[in-house]
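Contents: one structure, followed by commentary.
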Amino acid sequence: MNYEDFYRQSIEQPEQFWAEQARLIHWDTPPQQILDQSNPPFRRWFVGGTTNLCYNAVDRHLSERADQLALVAISGETDVVREFSYRQLHREVNVFAAVLQSLDVGKGDRVVIYLPNIAEAVFAMLACARIGAIHSVVFGGFAAHNLALRIDDAQPKLLIAADAGMRGGQVIAYKPLVDAALSEASAPPPHVLMIDRGLDSQMKYQAGRDLDYAQLRQTHEDASVAVTWLESNEPSYLLYTSGTTGKPKGVQRDVGGYAVAMALSIRRVFDIAPGQVMFSTSDVGWAVGHSYNVYGPLIGGATSLLYEGLPTRPDPGIWWQLCERYGVHTMFSSPTAIRVLKKQDESWLRKYDLSKLKWLFLAGEPLDEPTAQWITDVLGVPVIDNYWQTETGWPAITLMPGLDLKTVKFGSPGLPAPGYRMKVIDESNGMEVAAGVKGVLVFQPPLPPGCLSTVWRNDERFLHSYFSHFKELLYSSLDWAIRDEDGYTFILGRTDDVINVAGHRLGTREIEESVASHPAVAEAAVVGIRDELKGQVPIVFATLRRKAGDDTTAVAQAMQQRVVDQLGGVARPARVYVVNALPKTRSGKLLRRSLQALAEHRDPGDLSTLDDPDALDDIRRALERDPDRGG
Ligand code: AMP
C-alpha cells in the first residue's frame, strides 16, 4: 500500500485501520472496542484488550527466534560488548522481575530507573513491564535536583541506579547524586537497587536501604515470573519532560496503544523486519531510547544496538564499524551527533562496509541543510528527518520508507504519520493557514495510539498544557511550522520557553530557578541562542543582590556550577552576563525573546511595552564586553 492510501485510511476509517494494526501484537484478551472518545480530548484505544509490553517484546519471539540476537550493548567508554539472544534476554528479564518482586514491587508501583546506557537499563524496563510496574527512566546526565523532582512526583517504591556512568573517558559517579537526591526528596523510596559496574571504588552503601543487584540476582537465577496482563489503557511508563514551568511533566503512556504504535512504526516508518538490525544512538533516558532502543525493535523481533559513549570514542569510526559488524539496516541518531562527526576526517566514515545500511533517521531537533547534505553524500543512503516529541512517543511527521519512500526535502521532516490529524493554524484565530504561511502545529483529537494518555496524576495539567491554547479542542505541539504546496511540513522552533540543546529538551524556567537559588542572585533570565554544534545553548542574564564588592566572574562561575550540580551538565549555561536590570514589560513580564534576539544580533522587536528603556542598553553593553558573544 502506498503512503497516501495508508494515511487516508487512518484518518477516514480510524477504527478499521487501528483494528487492523492491532493484529501486529499479541493480545491475551482481544480489544472489545477499538476507540472510546466519549471524554475528549482523553481517548482510550483498544478498550478491554489485555496485553503486556514485555511479553510482546521478548516471550513472543521465543518460538521463532530464541537464538537470534535481541540486544547488543556496546560501551565505547569501557570497551565492553555484551550480546544477548532473545532466550538470554528472556532469562535476564525474568531474573530482574523476580528481584523486583522480592522487593515488594508489583502492579501499579512506580520504579525510577537512573542508569547509564547499559543492558541492565533494558532488563529493568522490561522487568517492570512484565509485572505491571510503572517505570520512569531518568536520564543519567541529569543531576540530583532533577532526580529529586521526578522522585517526588512519581513516588516510586524503588530506585534503580548504577555506581557510575562514563563520558569521554571520565567516570561520573552516580551514587553521590542518588544520595543527594534522596535527601532532597520528600518521598524517597525505601530501597535503592544498585548495579555496581566496578567503576567507582569509593561507592558507599547505606545499610538497610541500598541493595546490591548482583547479590540478589544469585538468589533468583532460575526464576520464572509470570506475565501480568494489563488492560490496554493502564499506565506502562512515565517519562518526564520539560515545559514552561520549573516542574517537569510526567508524560504517561498506556500499554496497548503504545505496543501497536511501536509495532506499526518499526515496520512502516523505520523499515525494520524481524531479524534485521536497528542501531539507535539515543540514551534510554529519552523518548527515542524508550521507543527505538527498547520497545520498538524488540516488539518487531529485530536486533537492537545500544551504545554508551561519544561517537568519537575510541575513534570517530566506531559507529560505522558497528554498522559493518552487525549489518545494521536502519540507523537512528540526532543532528548534533552528525555535526560532531562532520568535524572529523571523512575517511573514518568510508573505512567500513556499509552496504547493508539502508536508512539514516535523524530526530529531536532541527536538521540543518548543510548537515543533511553532507551525511547524505558520504553515506550514500537516504537521510530521513523525523519530527516528534516525548509526548507523541513515535514520529508524528516523517517519511515512511517501510511503505514507500517519498522525495526527501532537506529541512522538512515530511508528511504526517498515520493517525495524526495535523493542521497548521493561525495563533490568533485558530484558522488553518495557507501553504507557505507560518502557524502553530496542532493535532486534532483523538491523538493516535502511542501518544501520551495524560500527565501523571494530573489530568488538569494535561488539559491546560496541551489543549487550552485555542477555542477548538486541539493538541498544541507548541512548535511553529509551515506547510508547503506538497504538504511537507517545516518546523520553525518553539512557541514557548523550551529550548533544545543537542536534541535535549530543557525548560528555561528550570535553569532560571536553579541560577536564582544562588544567594547572590536577585533575578535571572535564561534564553537559548543558536550554537553551531548543539543547535542551541542556554545563556544567563542575571542581576545580583549585592552590587558592591562582588567578584562578578566568581559569581558567574558559581551560577554555572550550580546548574551543573542541580540539573546536570546538559543544562550548563554557555555564558553568564551579570547586568543591572532585566528588560521587562510594565506588567512585569520578562522579555526573553528580546534578550534572545539581542544575543543573536537580531532586531529585538517591539519594545513599546518596555518598562525601563535603559535596561536594554545595559544588556547591549554586557554583550559587547564579551568577545565571543552570541555564538
Ligand atoms: P523532545 O520532547 O525532547 O523530543 O523535544 C521535542 C521538541 O524537539 C519538539 O517540540 C521540537 O521543538 C523539537 N524537534 C523534534 N524533532 C524535530 C525535528 N525533526 N525538526 C525540528 N524540531 C524537532
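Keep in mind it's a predicted model, so treat the numbers as computed, not measured. Indexing begins at 1, ligand by ligand and atom by atom, following the structure's order.
In terms of protein heavy-atom proximity, atom 3 (O) of ligand 1 is closest to Arg505 CB, 3.1 Å. Annotation: atom 6 (C) of ligand 1 to nearest protein heavy atom, Trp388 O, 3.6 Å. Thr390 OG1, 3.4 Å is the protein heavy atom nearest to atom 1 (P) of ligand 1. For atom 17 (C) of ligand 1, the closest non-hydrogen atom of the protein is Glu365 N, 3.6 Å.
For ligand 1, the atoms sitting less than 4.0 Å from at least one non-hydrogen atom of Asp479 are 9 (C), 10 (O), 11 (C), 12 (O), numbered in the order shown with element in parentheses. Remark: ligand 1 atoms within the under-4.0 Å shell around heavy atoms of Asp385 are 18 (C), 19 (N). For ligand 1, the atoms sitting less than 4.0 Å from at least one non-hydrogen atom of Asn500 are 8 (O), 13 (C), numbered in the order shown with element in parentheses. Under a 4.0 Å criterion applied to the non-hydrogen atoms of Ile491, ligand 1 contributes the atoms 21 (C), 22 (N).
The shortest N/O to N/O separation between Glu391 and ligand 1 does not fall below 3.5 Å. Residue Thr241 has no nitrogen or oxygen atom sitting less than 3.5 Å from a nitrogen or oxygen atom of ligand 1, judged on distance alone. On a distance-only criterion, Ser477 and ligand 1 share no N/O pair closer than 3.5 Å. Considering backbone and side-chain N/O of Gly364, one or more are found under 3.5 Å from N/O of ligand 1.
Using modelled atom types and a 3.5 Å distance limit, the side chains of Thr392 and Tyr387 yield no donor-acceptor pair. With no hydrogens or angles considered, a side-chain donor-acceptor pair links Ser291 and Tyr258 at under 3.5 Å. Side-chain atoms of Gln344 and Thr312 form no donor-acceptor pair, as typed in the model, at a separation below 3.5 Å. With 3.5 Å as the limit, one finds a donor-acceptor pair spanning the side chains of Trp359 and Asp271.
Contacts between Arg494 and ligand 1 below 4.0 angstrom, taking non-hydrogen atoms only, involve the side chain exclusively. Neither the backbone nor the side chain of Trp286 has any atom closer than 4.0 Å to an atom of ligand 1 (non-hydrogen atoms only).
Looking at Leu147 and Val112, their side chains come closer than 4.5 Å, going by heavy atoms from C-beta outward.
No side-chain donor-acceptor contact under 3.5 Å links Arg339 to the backbone of Thr371. The backbone N or O of Met400 sits nowhere less than 3.5 Å from a side-chain atom of Thr398 that would complete a donor-acceptor pair. With Arg575 contributing its side chain and Ile539 its backbone, the two residues share no donor-acceptor pair below 3.5 Å. A donor-acceptor distance shorter than 3.5 angstrom exists from the side chain of Asn500 to the backbone of Gly364, with no hydrogens or angles considered.
Contact analysis leaves Ala287 out of contact with ligand 1, as no non-hydrogen atom separation drops below 4.0 angstrom.
With salt bridges taken as basic N to acidic carboxylate O contacts below 4.0 Å, none links Lys406 and Asp486.
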